[in-house]
Amino acid sequence: MGSPTAERFPSAAATPDFPKICFKAMEPLPLAEVCPRADAAALELIGTILVLEPTRRATAAEALGARFFEGPDAPRVDLATLALSTAAACDAKRS
């Protein structure tokens, strides 16, 4: 991720207090160095999540659609079905 800068975190840089905060200047480290045992799909997913600027960060739905979750042991989950079954389970407990 590196230190927050106006380029990496423009929405924060636009706030009046951003210039008052001092961060040690650090460049982002390559994810492959930070997570040396992660495969390409994992690194791709991590790279879309670990983003300072919220408008550039993957949403939960986008992250769940990542190639990382397409492995043979990771069946695809239909979020609508999951939400409905979770709601039904909660309703059943209340009854």
Side-chain angles (χ1 to χ4, degrees):
M1 293 176 77
S3 305
T5 63
E7 294 79 29
R8 287 189 200 112
F9 204 176
S11 62
T15 64
D17 290 328
F18 188 79
K20 299 175 189 175
I21 303 168
C22 296
F23 295 99
K24 180 180 176 184
M26 295 179 66
E27 289 299 313
L29 295 173
L31 285 176
E33 287 181 26
V34 177
C35 308
R37 297 180 66 189
D39 64 12
L43 293 172
E44 182 180 285
L45 173 61
I46 294 166
T48 64
I49 295 170
L50 293 181
V51 177
L52 290 170
E53 179 60 35
T55 60
R56 297 179 188 158
R57 190 179 312 133
T59 64
E62 290 167 342
L64 286 171
R67 196 167 47 113
F68 176 78
F69 297 110
E70 294 177 2
D73 297 331
R76 303 290 292 173
V77 175
D78 177 33
L79 297 178
T81 303
L82 178 63
L84 290 173
S85 63
T86 303
C90 288
D91 289 343
K93 283 184 179 179
R94 289 185 198 131
S95 302

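Quantities reported herein were computed from a predicted structural model and do not represent experimental measurements.
The side-chain hydrogen bond (donor to acceptor under 3.5 Å, both in side chains) analysis of residues 54-66, with sequence neighbours excluded, yields the pairs E53-T55, T59-E62.
When the salt bridge (Lys or Arg N to Asp or Glu O under 4.0 Å) test is applied to E44, the partners found at least two apart in sequence or on another chain are R67. Here T48 pairs with L45, A58 under the side-chain contact (heavy atoms from CB on, under 4.5 Å) rule; sequence neighbours left out.
Cluster annotation: L50 is not connected to L29 through the hydrophobic network of ILVMFWY side chains, with a link wherever side-chain heavy atoms come within less than 4.5 Å. Follow the hydrophobic side-chain contacts under 4.5 Å out from I46 and you never reach V34; the two are in separate clusters.
When all heavy atoms are compared, the tightest approach of L64 to F69 is O-CD1, 3.6 Å. Across all their heavy atoms, G47 and V51 have their closest contact at O-CG2, 3.3 Å.
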